[in-house]
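In what follows, a structure is listed as structure tokens, so that the remarks can point back to it.
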Amino acid sequence: MSSVAAVLNLDVEGPRISRHLYGHFAEHLGRCIYGGFYVGEDSDIPNAGGIRLDVVEALRALNIPNLRWPGGCFADEYHWMDGIGPKERRPKMVNTHWGNVEENNHFGTHEFMALCELLGAEPYISGNVGSGTVKEMSDWVEYLTRDGDSPMVRLRKANGREEPWRVTYWGLGNEAWGCGGNMNAGQYTAEARKYGTYARDHGDNRLYRIAAGANSDDYTWTETLMKSLGTLGCAYRPQPYVQALSLHYYTIAGTWQDKGDATVFDTGDHYATMAAAARVEELITRHSTLMDCYDPGRTVGLVLDEWGTWWNVEPGTNPGFLYQQNTMRDALVASLHFDVFHRHAERLVMANIAQTVNVLQAMILTDPESGALVLTPTYHVFEMNKGHQDAASLRVDTPGGLPTRDGLATVSMSASRKDGRVLVSLSNLHADQDADVELDLRGGVLADVTARILTAGKLQEHNTPEAPEAVAPRPHTQVTATPAGLRVHLPAHSFVTVEGRLA
Ligand code: AHR
């Protein structure tokens with residue numbers, strides 16, 4: 001067992017943790033949209049206009065701030081006009097990226113906006129730069145957000161929607177260095193300037209345009225975009241056609257060809273996973289530092305709009321559907337990411353886990369036959385941590401250092417305060433060793449302290465329709481008052497949240 005000394009200043013507020021760091025991503029990929037979010041009006045599964053109500057209810061408990069759609073790689077081959085109007089007349093297409101399956105376009109713009117309304121989430125739409133046109137994207141923005149009278153407004157009204165929607169987050173393509181067009185940084189920058197220009201603000205709807213950014217450590221990509229986005233030096237002034245850059249980083253513990261199994265792994269694989277997850281801090285730090293050189297005022301946001309674990313697909317499932325199980329190990333990947341996000345809340349304005357239902361590190365898995373829904377361990381981390389949304393970050397210092405294993409810190413923490421309440425998140429990444437955290441609370445007193453824990457007998461444990469609560473939060477009683485503050489006991493491979501009222 002290790003012991004960690006931590007100092008938490010309750011009265012020194014750091015940057016605000018945007019709720020958008022708890023964002024989501026839903027692509028037309030495998031069973032994320034079809035079967036996951038959307039089952040169609042004729043389904044036996046209770047639905048509203050085809051949208052699964054059990055999925056909506058479960059996700060509402062997470063306070064999902066935004067949902068990115070329709071991709072991913074799919075975004076750059078999606079033509080939005082195919083997804084409006086009467087469903088029986090919508091053209092079909094082949095989803096060439098994901099399984100070569102037919103896409104009937106039954107889930108389109110109106111269905112997505114209805115889903116966002118049901119979830120209480122803001123839409124984040126990824127426009128098509130790879131195979132689309134500037135006019136197509138410009139028309140989509142007009143269709144969604146313009147009021148009054150115009151060709152696209154008349155089309156929207158003819159399709160049953162009188163009022164414009166509010167849309168803030170707008171992606172200018174996706175992974176332009178890869179599936180989004182195989183461009184180089186210079187080529188894409190020119191495209192982003194052009195597409196960003198014609199993605200107009202209509203009325204008082206202000207778009208927050210997000211340029212397709214770097215793949216993990218491609219710092220040249222970030223630098224090329226930053227150089228082009230403003231005037232250099234003291235006179236730096238970001239141009240109005242791009243407000244943020246994205247970054248994609250997946251936790252892949254194996255190789256691209258053999259990523260490892262979601263549920264069959266050993267302790268060595270576990271630590272390789274934690275090390276891969278922890279790397280997100282280096283990437284965010286280095287991309288942010290580069291952005292600081294060009295934008296010291298931090299007006300351009302960094303958006304990690306794809307993150308999460310990526311394993312081999314579950315045996316017997318379509319390799320193009322990216323369906324994977326989700327264990328206690330995935331939960332720790334998520335909790336570790338959130339600690340990093342909280343520390344970088346000044347530049348990091350949004351993050352979106354890939355993906356919400358049935359794909360990669362999902363919150364929810366649905367059974368294709370019975371339709372049964374299962375909440376994953378990752379879901380529970382999002383739920384236990386939701387109190388950090390829009391809270392002021394609080395710095396946690398560990399003067400004596402953190403316990404390590406092969407250079408990897410095995411305890412991770414972050415904290416925030418909001419509305420007179422403090423939330424502390426603590427993860428013990430160690431596979432088989434407990435830890436005690438001695439929290440020295442300064443600048444305030446915490447009353448009515450409660451705690452919850454997410455852990456399991458084995459790291460490999462996961463939830464199934466037969467055992468839906470194998471990994472689920474429970475009250476945590478091993479939190480004791482000390483003269484300096486609190487002692488929090490962290491069993492091996494556990495995630496704990498401690499909450500209290502500022503007295
Ligand atoms: O999330 C799955 C895929 O991963 C996305 O479509 C793409 O952007 C990334 O490569």
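Only a predicted model underlies this, so the values are computations on that prediction, with no experimental measurement involved. All ligand and atom numbering here is 1-based and tracks the order in the structure.
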Between R156 and Y143, is there a donor-acceptor pair closer than 3.5 Å when you use the side chain of the first and the backbone of the second? yes

Okay, side chain of W80, backbone of E136: is any donor-acceptor separation there less than 3.5 Å? yes

Quick check on contacts: which atoms of ligand 1 are under 4.0 angstrom from a heavy atom of Q355? 1 (O), 2 (C)

Using a strict cut-off of 4.0 Å, indicate which atoms of ligand 1 neighbour a heavy atom of W310. 4 (O)

For ligand 1, is any non-hydrogen atom under 4.0 Å from V359's backbone (N, CA, C, O), its side chain (CB onward), both, or neither? neither

Per-atom filter on ligand 1: closer than 4.0 angstrom to a heavy atom of L360 are 1 (O), 2 (C)

Quick one: sort the W256 and W310 rings into parallel, tilted or perpendicular, breaks at 30° and 60°. perpendicular

For R329 and D269, run salt bridge (charged side-chain N to carboxylate O under 4.0 Å, His left out): C-alpha distance rounded to whole Å, both residues' side-chain angles, the deciding distance at 0.1 Å, then the answer. CA-CA 10 Å; R329 173 174 63 160; D269 299 326; 5.6 Å; no

Any nitrogen or oxygen of G72, main chain or side chain, under 3.5 Å from a nitrogen or oxygen of ligand 1? no

Throw together a table of side-chain donor-acceptor distances under 3.5 angstrom for residues 345-355, partners on residues two or more places apart or in other chains.
unit_1: E346; atom_1: OE1; unit_2: R298; atom_2: NH1; d: 3.1
unit_1: R347; atom_1: NH1; unit_2: D295; atom_2: OD2; d: 2.8
unit_1: R347; atom_1: NH1; unit_2: V300; atom_2: O; d: 2.7
unit_1: R347; atom_1: NH2; unit_2: D292; atom_2: OD1; d: 2.7
unit_1: R347; atom_1: NH2; unit_2: D295; atom_2: O; d: 3.0
unit_1: N352; atom_1: ND2; unit_2: H24; atom_2: O; d: 3.0
unit_1: N352; atom_1: ND2; unit_2: N66; atom_2: OD1; d: 2.8
unit_1: Q355; atom_1: OE1; unit_2: E27; atom_2: N; d: 3.1
unit_1: Q355; atom_1: NE2; unit_2: E27; atom_2: OE1; d: 2.9

Applying salt bridge (charged side-chain N to carboxylate O under 4.0 Å, His left out), name anything that partners K135, two or more places apart in sequence or on another chain. D139

Applying a 4.0 Å heavy-atom criterion (strictly less than), which segment of E306 is in contact with ligand 1: side chain, backbone, both, or neither? side chain

On the 0 to 90° scale, with breaks at 30° and 60°, tag the W177-H248 ring pair as parallel, tilted or perpendicular. perpendicular

F25 heavy atoms, cut-off 4.0 Å: which ligand 1 atoms fall inside? 1 (O)

Taking the six-membered ring where the residue is Trp, are the ring centres of Y379 and F382 under 6.0 Å apart? no

Any nitrogen or oxygen of Y250 lying under 3.5 Å from a nitrogen or oxygen in ligand 1? Just yes or no. yes

Shortest protein contact, atom 3 (C) of ligand 1 (heavy atom only): W98 CZ2, 3.6 Å

C73 heavy atoms, cut-off 4.0 Å: which ligand 1 atoms fall inside? 5 (C), 6 (O), 7 (C), 8 (O)

Option set H248, H28, E175, E27, criterion heavy-atom distance to atom 6 (O) of ligand 1, minimum: E27

Show me which atoms of ligand 1 lie under 4.0 Å from any heavy atom of N174. 8 (O)

